[in-house]
Amino acid sequence: MNRIQRSALSVLAAGAATLAYAGIYERRRWTLREATLPVLPPGAEPLRLLHISDLHMMPGQRSKQRWVAELAELQPDLVINTGDNLAHRKAVPAVMRALGPLLNFPGAFVFGSNDYYAPKPKNPARYLMPRANKKRIHGVRLPWRDLRAALLERGWMDATHSRGHLDVHGRDVFLAGVDDPHLRRDRYDRISGAADVRAAVRLGLTHSPEPRVLDAFANDGYNLVLAGHTHGGQLRIPGYGAIVTNCELDRSRARGASRWGAHMWLHVSAGLGTSPYAPVRFACPPEANLLTLVPVPTANSDSLSGAGFGRGEAIG
């Protein structure tokens, strides 16, 4: 065997090992990522928020269902689900098994494209194409109404194009959300207007973190917007980060927390699943997020007002 053949075999072996790692091990390496965000009024007690997103659940994914259910042991004050729960027409019972124990806590949700439509096989190269060049491909319709009814029955709030208050252990949480901007279903005008400044915290919910929606939430005085959709890039290059975000958000914000505007934070969850037709993750394990919301430090109040739209360093 000559040197060229040995090199070719080495490259093939490395590629096979990487694919095996990404497709067999990492996409099941369930991870809890934590962050502390200063968004509460001075003197307020911390609030523990569990952020769940992008389950992309298949009926037989028992390991994922068990792990998500065990998150109830964290005893969060509030649970937020930012969509893409389904990947199969028969997955609603599986999602409810996963979320079941978490439904004992106050919660709210919005849906994403893979609550409305099942994924379809696509050319993997489309993932790296500019979004403007992509034609949307929808699969069969999914039973999102059944999932919505089950979540409402257990007391969670549907924040889709809705504004409202949640009582979280005696604290007033103001929430509003939009339908999935990735499908251009968002109608922010239906929830526009100043958020209630009397609330302990003002939360905005969206599946896809499109800048036009984030700007609107920031202009209306929200403290924190929660989103998913990006999968954290799903494939990340160490030292470089996400390759793409699958939306208009810049790569540096593909997962984790960052400031958006003068007074608002954005948190993007890398989520817990993948499309069944792209079942790989690399340098981006599936995650749920425990966010500890704490008071804004008085000494830092001036510095919080210095960030402009689309600026600021991402955390995580």
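Because the structure is predicted, anything quoted here is derived from the model rather than measured.
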S.K.: Here's a test for you: under salt bridge (Lys or Arg N to Asp or Glu O under 4.0 Å), which of R29, K64, R33 qualifies with E287?
M.R.: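 Going through the options one by one, the only one that passes is R33.
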S.K.: So does R198 pair up with D196, basic N to acidic O under 4.0 Å?
M.R.: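 D196 and R198: salt-bridged.
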S.K.: So, using ring pair (Phe, Tyr, Trp, His ring centres under 6.0 Å) as the criterion, who are the partners of Y222 when residues are at least two apart?
M.R.: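 If we apply the ring pair (Phe, Tyr, Trp, His ring centres under 6.0 Å) test to Y222, skipping adjacent residues, the hits are F217.
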S.K.: My understanding is that only residues two or more places apart in sequence, or in another chain, count here; which of them pass ring pair (Phe, Tyr, Trp, His ring centres under 6.0 Å) with H165?
M.R.: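 By the ring pair (Phe, Tyr, Trp, His ring centres under 6.0 Å) rule, H165 matches F174.
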S.K.: Check V294, L47, N223 against V39 for a side chain to side chain contact (heavy atoms under 4.5 Å, CB included) and give me the one that passes.
M.R.: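 Going through V294, L47, N223 one by one, the side chain to side chain contact (heavy atoms under 4.5 Å, CB included) with V39 is satisfied by N223 alone.
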S.K.: Determine the minimum heavy-atom distance between W30 and S63, stating which atoms define it.
M.R.: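 Smallest heavy-atom distance, with atoms named: NE1-OG, 2.9 Å.
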S.K.: So, H56 versus H88: side-chain donor-acceptor pair below 3.5 Å or not?
M.R.: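 There is no such pair between these side chains.
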S.K.: Would you kindly say whether T82 and H51 are connected by a side-chain donor-acceptor distance under 3.5 Å?
M.R.: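 Side chains of T82 and H51: pair found under 3.5 Å.
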S.K.: Distance only, no hydrogens: is a donor on one side chain within 3.5 Å (strictly under) of an acceptor on the other, for R97 and Q65?
M.R.: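 Q65 and R97 do have a side-chain donor-acceptor pair below 3.5 Å.
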S.K.: Among side-chain atoms of D215 and N219, is any donor-acceptor pair under 3.5 angstrom?
M.R.: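 No, because no side-chain N or O of D215 sits under 3.5 Å from a partner of the opposite role on N219.
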S.K.: Keeping the roles fixed (side chain from Q61, backbone from M58), state whether a donor-acceptor pair exists under 3.5 Å.
M.R.: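 Pair found, side chain donor or acceptor close to backbone of M58.
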S.K.: Where do T274 and H231 come nearest, in terms of heavy atoms and distance?
M.R.: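 Looking at all heavy atoms of both residues, the shortest contact is CA-CE1, 4.1 Å.
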S.K.: Would you say the side chains of H207 and H182 form a donor-acceptor pair under 3.5 Å?
M.R.: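 No donor-acceptor contact under 3.5 Å links the two side chains.
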S.K.: Minimum heavy-atom separation for A98 to V68, with atom names?
M.R.: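 Looks like O-CG1, 3.5 Å.
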S.K.: Inspect the surroundings of CD in Q75 and state if more than 12 heavy atoms from other residues, nucleotides or ligands are less than 6.0 Å away.
M.R.: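 Counting other residues, nucleotides and ligands, CD of Q75 exceeds 12 neighbours.
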S.K.: Write down the atom of D77, the atom of P46, and the distance for their closest heavy-atom approach.
M.R.: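 That closest heavy-atom pairing would be OD2-O, 4.2 Å.
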S.K.: For the side chain of D172 and the backbone of A200, is there at least one donor-acceptor N/O pair under 3.5 Å apart?
M.R.: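 No; zero donor-acceptor contacts below 3.5 Å.
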S.K.: How close do V268 and A254 get, counting heavy atoms only, and between which atoms?
M.R.: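 Residues V268 and A254, closest heavy atoms: CG1-O, 3.3 Å.
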S.K.: Test of understanding: with ring pair (Phe, Tyr, Trp, His ring centres under 6.0 Å), list the residues that count as partners of W156, not counting sequence neighbours.
M.R.: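 Result, ring pair (Phe, Tyr, Trp, His ring centres under 6.0 Å) vs W156: none returned.
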S.K.: With a cut-off of under 6.0 Å to the ring centre and 45° to the axis, is R48 in cation-pi contact with F105?
M.R.: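 That pair does not qualify as a cation-pi contact.
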S.K.: R145 side chain to L142 main-chain N or O, any donor-acceptor pair under 3.5 Å?
M.R.: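 The answer is no, because no donor-acceptor pair under 3.5 Å joins these two groups.
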S.K.: Looking just at side-chain N and O atoms, do Y116 and D180 make a donor-acceptor pair shorter than 3.5 Å?
M.R.: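 There is no such pair between these side chains.
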S.K.: Closest heavy-atom contact between W67 and L32?
M.R.: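 Looks like CZ2-N, 3.9 Å.
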